[in-house]
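Order of the sequence lines fixes the chain letters, A, B, ..., with proteins taken first and strands second; residue numbering starts at 1 for each chain.
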There are 2 protein chains.
Amino acid sequence: MSDIFRALADPTRRKVLELLRQRPMTAGELAGHFPVSRPTMSAHFTVLREADLIDSLKIGTTITYQLKLSVLEDALLGFARLFAAGAREPATDAAERIKPEQISRGAAE
Amino acid sequence: MSDIFRALADPTRRKVLELLRQRPMTAGELAGHFPVSRPTMSAHFTVLREADLIDSLKIGTTITYQLKLSVLEDALLGFARLFAAGAREPATDAAERIKPEQISRGAAE
DNA sequence: CATCTATTTAGTCAATCATCGAAATAGTTC
DNA sequence: GAACTATTTCGATGATTGACTAAATAGATG
């Protein structure tokens, strides 16, 4: 779980996943979309692979990466559901809810 | 977006959010649930606050933290939707899909 | 087989992170 | 106002991260 969120914390890696959403792509093709070196991209692929978010297929000297969409969805939706289920409605439980005017350190400061 | 995923990448911080899902709690009360020092917990609260995932209310010397559920939901579901929408069904598009037996480096290795 | 291409590994560096103990801040209480 | 409580800020430390260049691996092609 930590691995997945850590993988998603980097904009380059999120963009890689977005690119792979459309179709599998080779390491070189993916790297062409970013202004960083190949070794750096390779490290990003490793992080994504260790989070089980992508699969790889080696054909000759070329490696094709593929998004594991179900892993991503299961993780995100599963975690989101953990919070949606059993949570009170935002409008109710006014007594326990902190009112915006009372916030001393938050978006206001 | 990166801030939110980075905040979620730490198990302690995820657990804090889970605790706050039930009701607002003070810094000390939250800290009591974890085997780390108060300064460390304070740092975690700062990360969560910077990700806009919690609000804080200071009453006297006590600070109460509250989950910003809508921020969390909007981020997670919004990102998940980005991948669900427009994605092809896993069962179709067999030609572009890498078959499990072909995987050279992934879950198999 | 020498060379070219695709990608990774190795080694390094600066920046960030999680953690701690000590000290500071701020409110409460006697 | 001295002492106590709640929490943060400060300063230090070891681990991890994202980046790079250089070198290694491995397959393809002349």
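- Remark: Arg23(A) engages Glu29(A) in a salt bridge, criterion side-chain N to carboxylate O under 4.0 Å.
- For Leu8(A) and dT17(D), the CG to P distance is 15 Å, given to the nearest whole Å.
- What separates CZ of Arg49(B) from C1' of dT9(D) is a distance of 12 Å, to the nearest Å.
- A close approach under 4.0 Å does occur between a side-chain nitrogen or oxygen of Arg6(B) and OP1 or OP2 of dC17(C).
- Under the 4.5 Å side-chain heavy-atom criterion for Ile, Leu, Val, Met, Phe, Trp and Tyr, Phe83(B) and Leu53(A) are members of the same hydrophobic cluster.
- Put simply, Tyr65(A) has a side-chain N or O that comes within less than 4.0 Å of OP1 or OP2 on dT8(C).
- Of the listed nucleotides (dT17(D), dT8(C), dG18(D)), dT8(C) has the atom at the smallest distance from the side chain of Phe45(A).
- Straight-line distance from the CG atom of Asp10(B) to the C1' atom of dA15(D): 14 Å, rounded to whole Å.
- Rounded to an integer number of Å, the gap from Arg13(A) CZ to dT16(D) C1' is 12 Å.
- For His44(B) and dT19(C), the shortest distance from a side-chain N or O to OP1 or OP2 is below 4.0 Å.
- Below 30°, between 30° and 60°, or above 60°: for Phe45(B) and Tyr65(B) the angle between ring planes is between 30° and 60°, a tilted geometry.
- Residue Ala27(A) is in sugar-phosphate contact alone, with no base atom involved, counting any heavy-atom pair closer than 4.0 Å across all strands shown.
- In this entry the distance linking CG of Leu30(A) with C1' of dA6(C) reads 13 Å, nearest Å.
- Distance, Leu48(A) CG to dT8(C) P: 12 Å, rounded to whole Å.
- Looking only at distances, a side-chain donor or acceptor of Arg13(A) sits under 3.5 Å from a matching main-chain atom of Ala7(A).
- Residue contacts shown for Thr26(B) are limited to sugar-phosphate atoms, with no base heavy atom under 4.0 Å away.
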Under 3.5 Å, which N/O atoms of the protein pair with N/O atoms of nucleotides 20-26 of chain D?
unit_1, atom_1, unit_2, atom_2, d
dC20(D), OP2, Ser37(A), N, 2.9
dC20(D), OP2, Ser37(A), OG, 3.0
dC20(D), OP2, Thr40(A), OG1, 2.7

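- For the pair Leu57(A) CG and dG27(D) P, the computed distance is 14 Å after rounding to whole Å.
- Salt-bridge check for Lys68(A) with Glu73(A): failed, with every basic side-chain N at 4.0 Å or more from each acidic carboxylate O.
- Qualifying side-chain contact (heavy atoms from CB on, under 4.5 Å) partners for Thr62(B), counting only residues two or more places apart in sequence or in other chains: Thr26(B), Thr64(B).
- Using modelled atom types, one side-chain atom of Arg14(A) and one backbone atom of Leu8(A) make a donor-acceptor pair closer than 3.5 Å.
- Straight-line distance from the CZ atom of Phe34(B) to the C1' atom of dT19(C): 15 Å, rounded to whole Å.
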